S.K.: 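Take this structure, written in structure tokens, and hold onto it; I'll ask about it next.
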Amino acid sequence: MQLLRSLCRIQAPSGNESALTRFVLDYVRQHQGTWRHQPQVVADDRFQDCIVLVFGQPRTAVFAHLDSIGFTVRYGRQLVRIGGPQAEAGYRLVGEDSQGQIDCTLTIDDETGELGYAFHRDIDRGTELTFYCDFRETDTTVQSCYLDNRLGVWNALRLCETLEHGVVAFSCWEEHGGGSVAYLAKYIFEKYGVRQALISDITWVTEGVHAGQGCAISLRDSLIPRRAYVDRIRAIAAASGIPHQLEVEGSGGSDAKELQHAAAPWDWCFVGAPEDHVHSPDELVDKRDITSMLALYQVLMQEL
């Protein structure tokens, strides 16, 4: 879990993912020599802060978004949400501006509900603030801010250790409207002919999806994937014997939305561990679901 701890501690809210991009690129350079197969690393100005790793003769692409939720400093000590973070008075927020390090407290106006911060000085407008990382690990769980989606990134990096054929794409902006998957998908489809995808992201513990019972295969959220493709994934998962659950939701979304709307025939399916306390400093995931997620991705990338 040391890798996951390191990922969760890096500040990378939507639009400012560069620190995490550098970390992932450094990690790949340091560890790819121990992987079974060596990828082509595609990371340049064409793709902004995104990264594409290409292994062998790919048939399937894995998308994992780098960014997180957070807050932007506005005027008069006001804060504006980045994505959809939970907001409770007293949450500890951190960041950095031209005057130095910031460790402040989230405030909420009792009358207007307006978000703000308590700090000994004014913070530069436009500064991003993120939840303070208090990473907690037990024998059975991990708990931290930003398991969504640092756990999806962790899963993708661990998948690289054994992957022979496939694309692993690290995207940006997912938490605040997306945008990067459109050009990543275009490049992957046109360059390699790949048009099927898995979304390595984190979903929710609900009345139908429970912690500790395996990662979730999403049959739908606010979008509906092609049933024939999802049925193939379900059949592979069932034959593997790896614990998993089926999720059906009417809201929510992921990087898949840009694949769904792409001008190419992309198939996609969201496969990810469920978490509790979503979009808060205390996101909680069962380690059995983490193990299930990685094992299922390994099998799917072989079989699809």
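Every heavy atom of this structure was used, including side-chain atoms; hydrogens, water molecules and symmetry mates were not. Keep in mind it's a predicted model, so treat the numbers as computed, not measured. For the single chain, residues carry numbers from 1 onward in sequence order.
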S.K.: Per the side chain to side chain donor-acceptor pair (under 3.5 Å) rule, what does the pair list look like for residues 252-270, sequence neighbours excluded?
M.R.: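 Only Ser171-Asp255, Arg226-Asp267, Gln260-Trp268 qualify under side chain to side chain donor-acceptor pair (under 3.5 Å).
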S.K.: Give me the atom names and distance for the closest heavy-atom approach of Thr206 to Glu249.
M.R.: CG2-OE2, 3.6 Å
S.K.: Is Met1 reachable from Leu294 through a run of hydrophobic residues whose side-chain heavy atoms are each under 4.5 Å from the next?
M.R.: yes
S.K.: So which residues get pulled into Val94's cluster when ILVMFWY side chains under 4.5 Å apart are joined, directly or through others?
M.R.: Tyr132
S.K.: Flag yes if Tyr192 and Val41 sit in one hydrophobic cluster, no otherwise; membership is Ile, Leu, Val, Met, Phe, Trp, Tyr, and two members link when side-chain heavy atoms are under 4.5 Å apart.
M.R.: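 No.
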S.K.: So, for Gly152 and Met293, which heavy atoms are closest and what is the spacing to 0.1 Å?
M.R.: CA-CE, 4.4 Å
S.K.: Is it true that Val62 and Leu20 fall in one hydrophobic cluster, defined by side-chain heavy atoms closer than 4.5 Å?
M.R.: yes
S.K.: With distance as the sole criterion, is a donor-acceptor pair present between the side chains of Gln11 and Thr130 under 3.5 Å?
M.R.: yes
S.K.: Under 3.5 Å, which donor-acceptor pairs do the side chains of residues 47-58 form with other protein atoms, sequence neighbours left out?
M.R.:
| unit_1 | atom_1 | unit_2 | atom_2 | d |
| --- | --- | --- | --- | --- |
| Gln48 | OE1 | Tyr183 | OH | 2.7 |

S.K.: Show your working on salt bridge (charged side-chain N to carboxylate O under 4.0 Å, His left out) between Asp139 and Lys287 and close with a plain yes or no.
M.R.: CA-CA 8 Å; Asp139 290 341; Lys287 286 183 175 179; 5.8 Å; no
S.K.: Tell me who clusters with Val80, hydrophobic residues only, linked when side chains sit under 4.5 Å apart either directly or through other members.
M.R.: none
S.K.: To the nearest 0.5 Å, tell me how far Arg150 CZ sits from Asn155 CG.
M.R.: 15.0 Å
S.K.: Would you say Val230 and Val209 are hydrophobically clustered, going by side-chain heavy atoms of ILVMFWY under 4.5 Å?
M.R.: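 No, Val230 does not connect to Val209 through the hydrophobic network.
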S.K.: Any side-chain heavy atom of Val168 sitting closer than 4.5 Å to one from Leu163?
M.R.: yes
S.K.: Is there any side chain to side chain donor-acceptor pair (under 3.5 Å) pair reaching into residues 211-220, and which pairs are they, with sequence neighbours excluded?
M.R.: Ser218-Glu247
S.K.: Under 3.5 Å, is there a donor-acceptor pair linking the side chains of Arg125 and Gln78?
M.R.: no
S.K.: Find the distance between CD (Gln143) and CG (Leu284) and round it off to the nearest 0.5 Å.
M.R.: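 Separation between the atoms: 4.5 Å.
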S.K.: Measure across Cys215 and Pro274 and return the closest heavy-atom pair with its distance rounded to 0.1 Å.
M.R.: CA-CD, 4.3 Å
S.K.: Please report the closest heavy-atom contact between Glu137 and Val142, naming both atoms and the distance.
M.R.: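 Nearest heavy atoms, Glu137 then Val142: CG-CG1, 4.1 Å.
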S.K.: Which atom names give the shortest non-hydrogen contact between Arg136 and Asp134, and what distance separates them?
M.R.: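 Smallest interatomic distance, heavy atoms only, reads NE-O, 2.8 Å.
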S.K.: Rounded to the nearest 0.5 Å, how far does OH of Tyr117 lie from OG1 of Thr127?
M.R.: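 Here the rounded value is 8.0 Å.
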S.K.: Are Leu93 and Thr105 packed together at the side-chain level, in the sense that at least one heavy-atom pair is separated by less than 4.5 angstrom?
M.R.: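 Side-chain contact under 4.5 Å: no.
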S.K.: Please, which pairs that meet salt bridge (charged side-chain N to carboxylate O under 4.0 Å, His left out) have at least one residue in residues 25-45, sequence neighbours excluded?
M.R.: Asp26-Arg29, Asp44-Arg46
S.K.: Output the rest of the hydrophobic cluster of Tyr75: all Ile, Leu, Val, Met, Phe, Trp and Tyr residues reachable through side-chain heavy-atom contacts under 4.5 Å, sorted by chain and number.
M.R.: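 Answer for Tyr75: none, a lone residue.
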S.K.: Taking C-beta and beyond as the side chain, do Arg234 and Arg227 meet within less than 4.5 Å on heavy atoms?
M.R.: yes
S.K.: For Ile224, what are the other residues in its hydrophobic cluster, where any two members join if their side-chain heavy atoms are less than 4.5 angstrom apart?
M.R.: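 Traced through the cluster, Ile224 reaches no other member.
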S.K.: Would you kindly say whether Thr21 and Ser18 are connected by a side-chain donor-acceptor distance under 3.5 Å?
M.R.: no
S.K.: Donor-acceptor pairs under 3.5 angstrom involving side-chain atoms of residues 295-304: please list them, not counting sequence neighbours.
M.R.:
| unit_1 | atom_1 | unit_2 | atom_2 | d |
| --- | --- | --- | --- | --- |
| Tyr297 | OH | Ile199 | O | 2.8 |
| Tyr297 | OH | Ser200 | N | 3.1 |
| Tyr297 | OH | Val271 | O | 2.7 |

S.K.: According to the salt bridge (charged side-chain N to carboxylate O under 4.0 Å, His left out) rule, which pairs have a member within residues 288-302, sequence neighbours left out?
M.R.: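 Passing the test, one end in residues 288-302: Asp286-Arg288.
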S.K.: Taking only residues at least two apart or on different chains, which pairs with a member in residues 161-170 satisfy side chain to side chain donor-acceptor pair (under 3.5 Å)?
M.R.: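 Listed by first then second residue: Arg158-Glu161.
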S.K.: Any side-chain heavy atom of Tyr27 sitting closer than 4.5 Å to one from Leu157?
M.R.: yes
S.K.: Measuring only between side-chain heavy atoms, which start at C-beta, is Thr203 closer than 4.5 Å to Glu275?
M.R.: no
S.K.: I need the Ile233 CD1 to Thr60 OG1 distance, nearest 0.5 Å.
M.R.: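 Those atoms lie 8.5 Å apart.
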S.K.: Side-chain heavy atoms under 4.5 angstrom apart, residues restricted to Ile, Leu, Val, Met, Phe, Trp, Tyr: same cluster for Leu159 and Val153?
M.R.: yes
S.K.: Can you sort out the partners of Asp103 under salt bridge (charged side-chain N to carboxylate O under 4.0 Å, His left out), two or more places apart, ordered by chain and number?
M.R.: Arg92
S.K.: Carefully, step by step, assess Leu4 and Leu147 under the rule side chain to side chain contact (heavy atoms under 4.5 Å, CB included).
M.R.: CA-CA 8 Å; Leu4 182 58; Leu147 293 178; 3.9 Å; yes
S.K.: Does the side chain of Asp124 come under 3.5 Å of the side chain of Gln99 through a donor N or O and an acceptor N or O?
M.R.: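 Present: a donor and an acceptor within the cut-off.
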S.K.: Can you classify the ring geometry of Phe131 versus Tyr146 as parallel (below 30°), tilted (30 to 60°) or perpendicular (above 60°)?
M.R.: parallel
S.K.: Does Trp173 reach the side chain of Glu17, with side-chain heavy atoms less than 4.5 Å apart?
M.R.: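 The answer is yes; the side chains approach within 4.5 Å.
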S.K.: Start with the C-alpha gap between Arg77 and Asp109, add the side-chain angles, then the distance that decides, and say whether salt bridge (charged side-chain N to carboxylate O under 4.0 Å, His left out) holds.
M.R.: CA-CA 11 Å; Arg77 301 207 167 197; Asp109 188 282; over 6 Å; no
S.K.: Out of curiosity, Leu198 CG to Asp201 CG, how far, rounded to the nearest 0.5 Å?
M.R.: 12.5 Å
